[in-house]
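Some notes on the structure that comes next.
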Amino acid sequence: MCHADLTVDAWLALSDDAASRTANAIARDVDAELLSVTTHTYERRPGRVALFERDGIRYALVPGGTVQLGYDADRFVPTLRQLDDFAVAVDLYSVPGRSIGFWPRRCRRRAGRRCPPGWSLSVRSTPTHC
């Protein structure tokens with residue numbers, strides 16, 4: 001399979017060895033250095049990330065495929081943290097509407113499955129001192 005046709009499902013289904021070989025092939029094809037291929041879990045879902053560097057810029061592999069975008073605003077119930085974050089945004093950025101009801105209506109997205117193409121994403125990380 002051409003890596004341009006790589007989907008997220010196919011990427012996650014690869015063995016660790018096959019994922020490393022695929023990432024190495026991508027690095028060769030785009031004249032980049034493969035920095036790492038790692039696995040992780042987020043919200044009880046497994047994932048895999050390949051990081052590349054080219055000309056001093058770091059990129060992450062973002063395979064294509066069908067994904068669920070948006071949410072059902074009628075069923076959305078914000079967490080306490082989201083309510084606090086929204087209140088801070090209202091104060092800091094003069095966001096109109098002081099009620100949380102404004103948020104899901106204003107930010108409503110039509111939920112649905114979409115199939116974006118695969119692409120590479122440049123990421124810049126800066127050290128934080130906690």
Side-chain angles (χ1 to χ4, degrees):
M1 161 187 13
C2 171
H3 61 262
D5 298 324
L6 183 65
T7 66
V8 70
D9 291 334
W11 173 242
L12 294 177
L14 294 173
S15 69
D16 290 343
D17 287 340
S20 291
R21 287 192 305 273
T22 300
N24 272 303
I26 292 169
R28 278 191 309 275
D29 287 352
V30 299
D31 195 28
E33 175 188 358
L34 175 63
L35 300 176
S36 64
V37 178
T38 58
T39 58
H40 64 89
T41 302
Y42 177 75
E43 294 289 325
R44 296 185 295 270
R45 291 176 296 179
R48 179 180 283 129
V49 176
L51 294 178
F52 305 87
E53 188 168 302
R54 180 177 167 179
D55 299 328
I57 300 172
R58 191 168 288 186
Y59 296 89
L61 174 66
V62 180
T66 302
V67 296
Q68 180 73 32
L69 299 177
Y71 62 93
D72 184 347
D74 295 329
R75 294 178 45 198
F76 175 71
V77 178
T79 65
L80 289 176
R81 182 173 181 177
Q82 288 171 321
L83 288 168
D84 290 343
D85 287 348
F86 185 73
V88 168
V90 167
D91 290 338
L92 286 176
Y93 305 109
S94 302
V95 174
R98 289 200 166 265
S99 78
I100 191 62
F102 166 81
W103 185 15
R105 284 192 306 275
R106 179 72 176 211
C107 301
R108 181 182 303 248
R109 300 283 185 264
R110 288 187 54 202
R113 295 183 68 74
R114 307 289 189 267
C115 190
W119 46 288
S120 292
L121 174 71
S122 171
V123 293
R124 180 177 304 269
S125 85
T126 56
T128 58
H129 303 285
C130 298

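- Here the closest non-hydrogen pair linking Pro63 and Val8 is CB-N, 3.5 Å.
- Shortest non-hydrogen contact noted between Gly56 and Glu53 is CA-OE2, 4.0 Å.
- In this structure, the separation between CZ on Arg28 and CD on Glu33 is 14.0 Å, given to the nearest 0.5 Å.
- Minimum heavy-atom separation, Leu34 to Leu51: CD1-O, 3.5 Å.
- Scored by the side-chain hydrogen bond (donor to acceptor under 3.5 Å, both in side chains) test, Asp29 finds His3 as partners (sequence neighbours excluded).
- You'll find the side chain of Thr22 stays beyond 4.5 Å of the side chain of Leu61, heavy atoms only.
- In plain terms, the two heavy atoms of Ala32 and Phe52 that are nearest each other are CB-CB, 4.2 Å.
- Put simply, OG1 on Thr79 and CG on Asp85 are 7.5 Å apart, with the number rounded to the nearest 0.5 Å.
- In terms of the side chain to side chain contact (heavy atoms under 4.5 Å, CB included) criterion, Ala13 has no residue partners (sequence neighbours excluded).
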ask   = After noting the C-alpha distance and the side-chain angles of Val30 and Tyr59, does the key distance pass the side-chain contact (heavy atoms from CB on, under 4.5 Å) rule?
value = CA-CA 11 Å; Val30 299; Tyr59 296 89; over 6 Å; no
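- In this view, Asp16 and Arg48 satisfy the side-chain hydrogen bond (donor to acceptor under 3.5 Å, both in side chains) rule, not counting sequence neighbours.
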